[in-house]
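Worksheet for the structure shown next.
By convention here, the first residue in the shown sequence is residue 1. The figures that follow rest on heavy atoms only: side chains count, while hydrogens, waters and symmetry mates do not.
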Amino acid sequence: MSIHLVVIDALNLIRRVHAAQPGEPDVENTAKVCCQALDKIINNSQPTHIVAVFDHHSDDRGWRAELLPHYKEGRKPMPEELAQGMDKIQDAFMALGIDSLLSDGDEADDLVATLALKVASRSQQVTIISTDKGYCQLLQPTLRVRDYFQQRWLDAPFVKKEYGIAPEQLTDYWGLAGISSSKIPGIAGIGPKAAVELLGLYPDLEAVLSATDLPQKWQKKITGNEDTARASKQVSSLKTDLELGFNLQDIRYQAPE
């Protein structure tokens, strides 16, 4: 049978809906608006399988913070009432026929990436619902990313327009230019424009770091910062080899009666 798996980046959806509530946001209204959004997503995408993936609730910033200690440091925590109401929201999702999957130790991004690639690699269709551009590194003919709020596809033309590179170069780009919002440093003094120029001259980050013919303006910035660049690339790369512990049958979509 033909499969279409829809993977919801749950906290990406929930936090944006919660923040957009007028007045004092409450969990019940957040759950209601999220479910309205999910109804639209289901109607538009007609999934055969669907799951909402959540981050674990601990303060542990995971393996990425071991490589880059300042990774996501100082990020605004989830509002307490929202954190306390997460069970209610998951129950509301379940009433729509959407099971919730909680990451354990790894970030939800890695769980989403592992599941999505596992299905897409079998030439089955996968749609990730998220505004997170990090998922664009996964793009392939059977795997796409949908920004529900902007009603747009985060596809190869989007990546080219946004970054000036191809999706498969994104982690090399972030290794050079970093991601300021996540405290991923890249190489100091190498900004987006320079990163694009370098990846136009060399195929990937490793080729840039090992090049012997770099112009002096770049060479002096790169020398001595190679390990930071490699760590920045690794941290911005999604893991795709996690143990899932379930099969597709467990997340088959059945519309509620």
Side-chain angles (χ1 to χ4, degrees), residues 7 9 12 63-65 67-73 107 109-110 112-114 116-117 120-121 123 125-147 149-241:
V7 186
D9 182 356
N12 181 273
W63 64 270
R64 289 180 170 87
L67 281 172
L68 292 174
H70 297 296
Y71 173 69
K72 287 191 176 179
E73 192 176 62
E107 290 186 69
D109 299 4
D110 297 319
V112 170
T114 297
L117 270 192
S121 66
S123 299
Q125 182 66 53
V126 180
T127 303
I128 298 170
I129 305 293
S130 181
T131 64
D132 187 345
K133 299 177 184 72
Y135 290 122
C136 293
Q137 65 188 267
L138 304 172
L139 289 170
Q140 51 184 271
T142 57
L143 195 160
R144 55 191 184 170
V145 183
R146 180 71 173 173
D147 178 345
F149 296 97
Q150 297 283 339
Q151 291 293 300
R152 62 184 179 180
W153 294 103
L154 305 185
D155 52 14
F158 167 82
V159 173
K160 184 70 175 176
K161 183 178 179 182
E162 185 86 354
Y163 298 102
I165 53 172
E168 57 269 23
Q169 293 178 297
L170 275 169
T171 58
D172 298 301
Y173 171 89
W174 289 322
L176 291 165
I179 305 174
S180 59
S181 61
S182 296
K183 301 282 179 70
I184 297 175
I187 296 176
I190 300 283
K193 186 178 177 183
V196 171
E197 283 188 54
L198 285 164
L199 291 172
L201 296 171
Y202 304 93
D204 54 35
L205 177 65
E206 207 51 51
V208 172
L209 299 181
S210 60
T212 57
D213 57 348
L214 278 174
Q216 187 60 28
K217 64 175 180 175
W218 288 329
Q219 188 67 67
K220 63 183 181 182
K221 291 171 181 173
I222 290 171
T223 300
N225 291 307
E226 293 89 350
D227 288 346
T228 303
R230 291 187 180 102
S232 295
K233 174 176 177 172
Q234 189 175 346
V235 166
S236 61
S237 299
L238 295 170
K239 275 188 175 182
T240 58
D241 58 354

Least distance between heavy atoms, [X] atom then [Y] atom:
{"X": "Leu170", "Y": "Cys136", "value": "CD1-CB, 3.6 Å"}
{"X": "Thr240", "Y": "Ala113", "value": "CG2-CB, 4.1 Å"}
{"X": "Leu154", "Y": "Ser130", "value": "CD1-O, 3.9 Å"}
{"X": "Leu238", "Y": "Gln137", "value": "N-OE1, 3.0 Å"}

Heavy-atom distance under 4.5 Å between the side chains of [X] and [Y], does that happen here?
{"X": "Ile187", "Y": "Thr228", "result": "no"}
{"X": "Tyr71", "Y": "Ile179", "result": "no"}
{"X": "Tyr163", "Y": "Val196", "result": "no"}
{"X": "Val112", "Y": "Tyr135", "result": "yes"}

| query | Among pairs that include at least one residue of residues 168-186, which meet side chain to side chain donor-acceptor pair (under 3.5 Å), considering only residues two or more places apart or in two chains? | reply |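 Matches after skipping sequence neighbours: Arg75-Ser182, Asp172-Lys233.
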
| salt bridge (Lys or Arg N to Asp or Glu O under 4.0 Å) involving Glu162 - partner list, sequence neighbours excluded |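 With sequence neighbours excluded, Glu162 shows a salt bridge (Lys or Arg N to Asp or Glu O under 4.0 Å) to no residue whatsoever.
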
With sequence neighbours left out, write down each residue that passes side chain to side chain donor-acceptor pair (under 3.5 Å) with [X], or none if nothing qualifies.
{"X": "Asp147", "answer": "Arg152"}
{"X": "Gln140", "answer": "none"}
{"X": "Tyr202", "answer": "Asp213"}
{"X": "Asn225", "answer": "none"}

| request: Output every pair passing salt bridge (Lys or Arg N to Asp or Glu O under 4.0 Å) with a member in residues 131-142, not counting sequence neighbours, ordered by first then second residue. | output: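 Listed once each, the pairs would be none.
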
| field | Contact list for residues 186-205, test salt bridge (Lys or Arg N to Asp or Glu O under 4.0 Å), sequence neighbours left out | value |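 Every candidate salt bridge (Lys or Arg N to Asp or Glu O under 4.0 Å) pair involving residues 186-205 fails, so no pair, neighbours aside, qualifies.
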
| request: Sequence neighbours left out, what passes side chain to side chain contact (heavy atoms under 4.5 Å, CB included) with Ala231? Give chain and number order. | output: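 Here the qualifying residues are Leu68.
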
| request: Return the set of residues passing side chain to side chain contact (heavy atoms under 4.5 Å, CB included) with Leu201 (not counting sequence neighbours), or none when no residue passes. | output: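 In terms of side chain to side chain contact (heavy atoms under 4.5 Å, CB included), with neighbours along the sequence ignored, Leu201 is linked to Trp218.
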
[atom1] of [X] to [atom2] of [Y]: how many Å apart, nearest 0.5 Å?
{"X": "Ile128", "Y": "Leu117", "atom1": "CD1", "atom2": "CG", "value": "7.5 Å"}
{"X": "Thr127", "Y": "Arg146", "atom1": "OG1", "atom2": "CZ", "value": "9.5 Å"}
{"X": "Leu143", "Y": "Ser123", "atom1": "CG", "atom2": "OG", "value": "12.0 Å"}
{"X": "Leu205", "Y": "Leu176", "atom1": "CG", "atom2": "CG", "value": "5.0 Å"}
{"X": "Trp153", "Y": "Leu139", "atom1": "CH2", "atom2": "CG", "value": "10.5 Å"}
{"X": "Leu214", "Y": "Lys220", "atom1": "CG", "atom2": "NZ", "value": "13.0 Å"}

| With a 4.0 Å cut-off, would you call Lys239 and Glu107 a salt bridge? |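 Result for this pair is no, no salt bridge flagged.
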
| Could Arg64 and Asp110 be called an ion pair, given the rule that one side-chain N must be under 4.0 Å from one carboxylate O? |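 Yes, this pair counts.
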
